[in-house]
2 protein chains.
Amino acid sequence: MAATIRDITKMTGLSLATVSKYLNGGNVLPQNRALIENAIEELQYEVNEVARGLAKNCTKTVGVLIHNLDNIFAGSVIANIEDILRQHDYGTIVCDCRGDIELEEQEIKFLLSKRVDGIITIPTSGNSFYLNNAVIREVPIVLIDRTFEDRNFDCVIVDNIEASVQAVTTLINKGHSKIGIICGDDNEYTARKRLAGYYKSLEANNIKIELNYVKRGSLTVEHGYHATKELLTVSNRPTALYLSNYEITLGAIIAINELGVNFPEDISIIGFDNLMLSKIVKPTLWTIVQPMEEIAASAANLMLKRLNKSETGEAVRVNLSTGLLTGESIKQLS
Amino acid sequence: MAATIRDITKMTGLSLATVSKYLNGGNVLPQNRALIENAIEELQYEVNEVARGLAKNCTKTVGVLIHNLDNIFAGSVIANIEDILRQHDYGTIVCDCRGDIELEEQEIKFLLSKRVDGIITIPTSGNSFYLNNAVIREVPIVLIDRTFEDRNFDCVIVDNIEASVQAVTTLINKGHSKIGIICGDDNEYTARKRLAGYYKSLEANNIKIELNYVKRGSLTVEHGYHATKELLTVSNRPTALYLSNYEITLGAIIAINELGVNFPEDISIIGFDNLMLSKIVKPTLWTIVQPMEEIAASAANLMLKRLNKSETGEAVRVNLSTGLLTGESIKQLS
DNA sequence: GTGAAAGCGCTAACAG
DNA sequence: CTGTTAGCGCTTTCAC
């Protein structure tokens, strides 16, 4: 059995209160301080955070709930959040709900029963109903990647429509009008927005929308790969492709290479998030990049502010912009 | 403030013990059961797991500590572990130590102060010193991916030497003797083993080892990419490449495609772990696969057994074998 | 600055 | 089956 604070009182002859005060950074006579520190060393004492959590009604942990852990975006965001939180002595309980709405609701219950001090989440569900209990208990919540229409929450998002506009406009400015898009399907919030941005910029430039240039599917390498092969063999094939997420970009590159098609000569492309590819592929890739670390940092810091009450106002909405990484993968059409 | 068990006693007129018994699955008179269930519904009561944890001296959470969260292997293993544990009512506190030994030690302290019931970890450190406190407190530990020489722990590993032997022997059986390897560097446990397996099978077949066929580096796409380019331009270039990890395989494929080199005609390759690639690349890829879900399941189940004391003996060592996925990426030399 | 005592929400004997 | 009671390990008044 691990040593308790009581063992320290016995060893030092001091009282519970004094030792506790020391542990919480209070003032103690130098001689007593020495006694306590010695005892702690001797006994290998470490605070029992469970007991402390009960006494203080706060656990110094935040729950992070996402749709899928084995995914680059989520993995990297979580790793960074965890990092920052830890530096402020907060632990992180990670749950992944596998894109399942029922599980998502259960996981929130689970996190609440663990009495997390706050919840950071990339929502799966389309409405915020599943967060009711957390709201009632006044557990701070920070949303990442999306918001809800039905209620305001703190959130950290990027403007996905604008990201697409950036990408597509870049292509248009280089003379392209036959532009394909490979994207997720309509029940994905970010996919919907990105597709909307694609439509928006085509319309703004009076370019007719070709429905067979739009390849909806899953957000996977497979979809990127197959959709690219299809788009490259379609009659009246597009001159440029907008690859609207990390995995899709990867799949597309593999398909293009495999077909022996060259970019930018035969096809122009602009990718998404795939820094790894943009760094190593030759010719280099034009890429839309989400500020993943900034997203993580904003979410973590916003949460920290809610936790230490330095932010108490209305729901704050952090809007980050995507960046545009220039490359050589887009051909200038005359 | 959330409702407590005491609120339920007031509402039902029953005692603490009865309600507690109900909550823990004990027998209660039907009428009382109804009363309690009604009160729970009414009050939106949920067990405070922190209080329960203190009373029971067990928290129903296990800590998972790994070197790097934004990595396919770790991400996918953790996602699966979390899944299984959750189904048994265990939560998961995830920490990533960024491959830093000092952080690793701190994280263990952190997990212990949170009183996790068990720890599952992919070790970073070369010795088990940092686990001392956990051992003393008799917190069950399950290692993944590697073991220590200095002390026996429960562990779930694959035979990395054998994996390499499988890969290299496959190449040799198809008539290759000029075989390159791209791998991690010597301070990576698994990389060392995989390289050792490479040497082993060459020696077993009396094939002379060419040191410039061995490309050590980081376990990254970049390394796979650049090393491949180097190996393909070296004089007396190898006829086959063994790509000894996921990221390296990905980088190599990109490099090969980019160079306009064809496999298996111009170069034979066998990859590692990259199921995604082996599924979508044409010609299909020969691939060594680690049973990631099985690794996760074994680790989680072993932990569960330790936790419920159904396994109490000596350290158990689960040895899983890698599989060989056949493909078309290896040319038969006459 | 220190100590005594009550309490955080729950569990677990032990009687009844 | 139910109720009483005494903790689990720590924090936090409130006197001294």
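A, B, ... follow the sequence lines: proteins, then strands. Residue 1 opens every chain. Just so it is clear, the values below take in all heavy atoms, side chains as well, and ignore hydrogens, waters and symmetry mates.
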Any idea which of D:dG9, D:dT11, D:dG3 is nearest the A:Leu54 side chain? D:dG9
Can you check the B:Glu49 CD to C:dC10 P distance for me, whole Å? 10 Å
Roughly how many Å is it from CD in A:Gln31 to P in C:dG1, rounded to a whole number? 12 Å
Counting the atoms with a prime plus P, OP1 and OP2 as sugar-phosphate, which does A:Tyr22 contact under 4.0 Å by heavy atoms, base, sugar-phosphate, or nothing? nothing
So, are A:Lys109 and A:Glu105 salt-bridged, with charged N and O less than 4.0 Å apart? no
With a 4.0 Å cut-off on heavy atoms, is B:Val50 in touch with a base, just the backbone sugar-phosphate, or nothing at all? nothing
Just checking, is any N or O donor in the side chain of A:Asn160 or A:Thr190 under 3.5 Å from an acceptor N or O on the other one? no
Rounded interatomic separation in angstrom, taking NZ from A:Lys56 and C1' from D:dT11: 7 Å
Nearest listed nucleotide, side chain of A:Ala17, among C:dA12, C:dC8, D:dT12: D:dT12
Scan B:Leu29 against the nucleic acid and name what it touches under 4.0 Å (heavy atoms): base, sugar-phosphate only, or nothing. sugar-phosphate
Donor-acceptor pair between B:Glu107 and B:Tyr130 side chains, under 3.5 angstrom: no
Between atom CG in B:Asn24 and atom P in C:dG9, what is the gap in whole Å? 17 Å
Of D:dT11, C:dT11, D:dC1, the nucleotide closest to the side chain of B:Ala55 is C:dT11
When all nucleic acid strands are considered with a 4.0 Å heavy-atom cut-off, which category describes B:Asn48: base, sugar-phosphate, or nothing? sugar-phosphate
B:Asn27 near the nucleic acid: base, sugar-phosphate alone, or nothing, with a heavy-atom cut-off under 4.0 Å? sugar-phosphate
On the nucleotide D:dT11, are OP1 or OP2 found under 4.0 Å from the side-chain N or O atoms that A:Arg52 carries? yes
Please give, in whole Å, the distance from D:dC8 C1' to B:Ile5 CD1? 15 Å
Nearest to the B:Leu14 side chain among C:dG9, D:dC10, D:dG3, which nucleotide is it? D:dG3
The side chain of A:Thr18 lies closest to which of these nucleotides: C:dG3, D:dT11, D:dC10? C:dG3
With the side chain counted from C-beta on, respond yes when B:Tyr45 and B:Asp7 share a heavy-atom pair under 4.5 Å apart, and no when they do not. no
If I take atom CG in residue B:Asp7 and atom P in nucleotide C:dG9, what distance separates them, rounded to the nearest angstrom? 9 Å
Nearest-angstrom distance from the residue atom CZ of B:Arg115 to C1' of D:dC8: 11 Å
Do the non-hydrogen side-chain atoms of A:Asp96 and B:Ile78 ever get within less than 4.5 Å of each other? no
From D:dC10, C:dG3, D:dT5, nucleotide with atom closest to B:Leu16 side chain: D:dT5
Between C1' on C:dG9 and CG on B:Asn57, what's the gap in Å once rounded to a whole number? 16 Å
Phosphate oxygens OP1/OP2 of C:dG3: is one of them under 4.0 Å from a side-chain N or O of A:Ser15? yes
With rounding to the nearest 0.5 Å, note down the distance linking CD1 in B:Ile157 to CG in B:Asn319. 4.5 Å
Under 4.0 Å, counting only non-hydrogen atoms across every strand here, what does A:Ser20 touch: a base, just sugar-phosphate, or nothing? base
